[in-house]
Amino acid sequence: MSPTLTGDSTRWEAVIGLEVHLQLRTARKLFCGDLAIFGDEPNTHVCPVCLGLPGALPTTNPEAVALALRTALALGCTVHERALWARKNYFYPDLPKGYQITQFEHPIATDGRVDYDGPDGEASVRIRRAHMEEDAGKSIHDRIAGGTAVDLNRAGTPLVEIVTEPDLRTPADTRAFLTSLKQLLEYVDVSDCNMEEGSLRVDANVSIRPRGDDELGSKTEIKNVNSFSGIEKAVEVEIARQVALVEKGGRVEQETLLWDDHRNALRSMRSKEESHDYRYFPDPDLPPLVLQPRAIDAAREALPELPRARRARFERDYSLSAYDAGVLTHSRASADYFEEVVKACGKAKAAANWVMGPVQALMHQRGEDASTFAVRPDVLAEIIELVGSGTISEGSGKTVLGAVAQDGGRPLDVVKARGLVQVRDDSQLEAWVREVVDANPGEVARYKGGEAKLVGFFVGQVMKRSGGKADPKRVSELLKVALG
Ligand code: ADP
Ligand code: MG
């Protein structure tokens, strides 16, 4: 249990359910032809439809429907052949129509499940529903002194809202689930999933109950969090508040809370009494969203291998540890990269070590990821083969990797140009060994006196003398002979 859970932490159990808003990666908005682009001059991607001008009629963007369908299938949901668009009515300056078009009673998908690695092992969260809706615009408070500006470029861009059952129990659980959910959504390539930029937004519903009880306690809803660590912290703070309150004899009031990231604190936004009556009703301007069964089947078949399945296959097919398979399948691009290297060189274990070691480090240093990394898989495969065949040392392999990342070119050309071919000729190696032994009489005496681990020192000296080109295995054999 969380360390900040005050009071008797064994007595209370927390219950957490999430509402996740996902911005779909479409070119255009959900009901009009405006570009769904962010960061442009305010109010440059607007039209009569998303401005809500009288008489303007929406039409549904099939690209958004396709992405929502893929999302629903990745979440293991039942996809419905007929969904209905509804109007959710409320007043807010960034909502020009005075209502949001969403799906209410008949969403596109229900009853899914997402498996994830919880802090205590395998776990899963049921997905209650996933529905499509349009986003609102943005209120900007720091542009006009003493006033609020409104940018409607975002108004009408497509979202999927994913609603979980209240299946999570701890802050760590919540974070682990979100990490897996994000990975899943990235694999199916439906969204940027960037919490800082708002393309993934998470609201957390939190309640507590006496451990062992089946009934749910009354919940609060936390909004305005912009990182997974923020969610974990906010949920932790809220559980602690509820436990302290109830243990003092108080009652948890239903309310919406806003997270303040700078102060690590929650404040009340609105209570149940102030909560909206949205007066949902079917949108008369839009026909039902109809999906043909064969379109659903085709989308299901076109789904890429999902991260957990891919990880399991990596363990099986490449004899990797669960940990290594997990690291390599962290992103779809990284898993693709690894598999292409293996295909080209046939050496899974070596490929895993190179990708997780030097390649990872170099990518990080260059600010690249597996999809943009300067050294493409076939080139890395050549380096791995040069090392595997003994043509160059492991160390030289890293040098070559750095060189081709920097300047391009083929590994073998770098090896030739820099004279990196490994020296395995005994007469040359013996000469270096002799020089090193003669130059270090003190170490030789200590070695002979029983300090066997000094062999590493001698190997290092020979490697240095050879400019990194000596074959270290052979050097160590020759050293043992020379040192008697
Ligand atoms: P509301 O009607 O207040 O929106 P819903 O029943 O629609 O509540 O649920 C919204 C979200 O809150 C869902 O993710 C659900 O799992 C979660 N939730 C519902 N009841 C609780 C509860 N008592 N404790 C924690 N989470 C809850
Ligand atoms: Mg709700």
Side-chain angles (χ1 to χ4, degrees), residues 1-2 5 11-22 71-72 75-77 86 88-90 100 102-114 116 118 123-133 159-178 180-182 185 200-225 228 231-232 234-243 245-246 250-259 266 268-280:
M1 259 286 143
S2 137
L5 232 174
R11 208 177 129 204
W12 301 102
E13 173 180 69
V15 173
I16 302 139
L18 304 176
E19 289 160 292
V20 178
H21 284 90
L22 185 69
T71 306
L75 299 171
C77 286
K88 176 178 178 177
N89 299 280
Y90 64 95
Q100 176 194 30
T102 180
Q103 296 171 343
F104 184 54
E105 274 169 307
H106 298 281
I108 182 169
T110 54
D111 303 307
R113 201 185 83 181
V114 171
Y116 69 103
S124 64
V125 165
R126 290 166 299 156
I127 304 298
R128 180 182 294 175
R129 58 187 276 147
H131 64 254
M132 299 182 72
E133 61 188 26
L159 303 176
V160 164
E161 179 175 348
I162 301 165
V163 183
T164 78
E165 293 293 343
D167 289 347
L168 296 157
R169 293 292 174 268
T170 67
D173 230 9
T174 305
R175 183 176 185 167
F177 166 72
L178 282 171
S180 286
L181 178 69
K182 179 173 178 219
L185 297 168
L200 184 80
R201 286 168 251 160
V202 181
D203 301 338
N205 297 271
V206 177
S207 64
I208 59 165
R209 63 185 174 190
R211 196 171 291 283
D213 254 27
D214 288 335
E215 241 169 86
L216 292 172
S218 92
K219 71 172 166 73
T220 57
E221 180 172 358
I222 302 170
K223 287 181 180 289
N224 200 37
V225 195
F228 285 177
I231 288 277
E232 187 176 14
V235 168
E236 192 172 300
V237 166
E238 176 56 8
I239 295 170
R241 184 190 72 87
Q242 291 187 14
V243 169
L245 178 69
V246 171
R251 263 189 26 216
V252 175
E253 300 292 343
Q254 278 203 36
E255 61 183 329
T256 303
L257 304 165
L258 290 185
W259 177 244
L266 290 159
S268 184
M269 180 172 113
R270 58 170 178 250
S271 67
K272 185 73 180 171
E273 288 79 85
E274 302 161 41
S275 80
H276 298 286
D277 170 7
Y278 292 117
R279 296 172 291 120
Y280 284 98

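First listed ligand is number 1; within each ligand, the first listed atom is number 1. The chain is numbered in sequence order, starting from 1.
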Proximal atoms of ligand 1 relative to Gly217 (non-hydrogen, under 4.0 Å): 23 (N)
Sub-4.0 Å heavy-atom approach of Gln254 to ligand 1: no
Numbered atoms and elements of ligand 1 in range of Arg128, under 4.0 angstrom, heavy atoms: 5 (P), 6 (O), 7 (O), 9 (O), 15 (C), 16 (O)
Worked verdict on Ile239 versus Val206 for side chain to side chain contact (heavy atoms under 4.5 Å, CB included): CA-CA 7 Å; Ile239 295 170; Val206 177; 3.9 Å; yes
Side-chain ion pair, Arg209 and Glu215, N-O less than 4.0 Å: no
Any N or O of Leu18 closer than 3.5 Å to N or O of ligand 1: yes
Part of Val163 within contact of ligand 1 (heavy atoms, under 4.0 Å): side chain
Backbone of Leu18 reached by a side-chain donor or acceptor of Thr164 within 3.5 Å: yes
Atom of Ala130, atom of Val160 and distance for their closest heavy-atom approach: CB-CG1, 4.2 Å
Option nearest atom 11 (C) of ligand 1 (shortest heavy-atom distance, choices Asn205, Val125, Asp167): Asn205
Thr164-ligand 1 polar pair, N/O distance under 3.5 Å: yes
For Glu238, the option from Thr220, Ile208, Val243 that meets side chain to side chain contact (heavy atoms under 4.5 Å, CB included): Thr220
Nitrogen or oxygen atoms of Ser218 and ligand 1 under 3.5 Å apart: no
Inter-residue atom distance Tyr90.OH - Arg279.CZ, 0.5 Å rounding: 12.5 Å
Ligand 1 atoms in contact with Val15 (distance to a heavy atom under 4.0 Å): 24 (N), 25 (C)
Atom pair CD (Glu253) and CD (Gln242), whose distance is rounded to the nearest 0.5 Å: 11.0 Å
Geometric N/O contact Pro166 with ligand 1, under 3.5 angstrom: yes
Residue portion contacting ligand 1 (non-hydrogen atoms closer than 4.0 Å) for Glu165: backbone
Under 3.5 Å side-chain donor-acceptor pair for His21 and Glu19: no
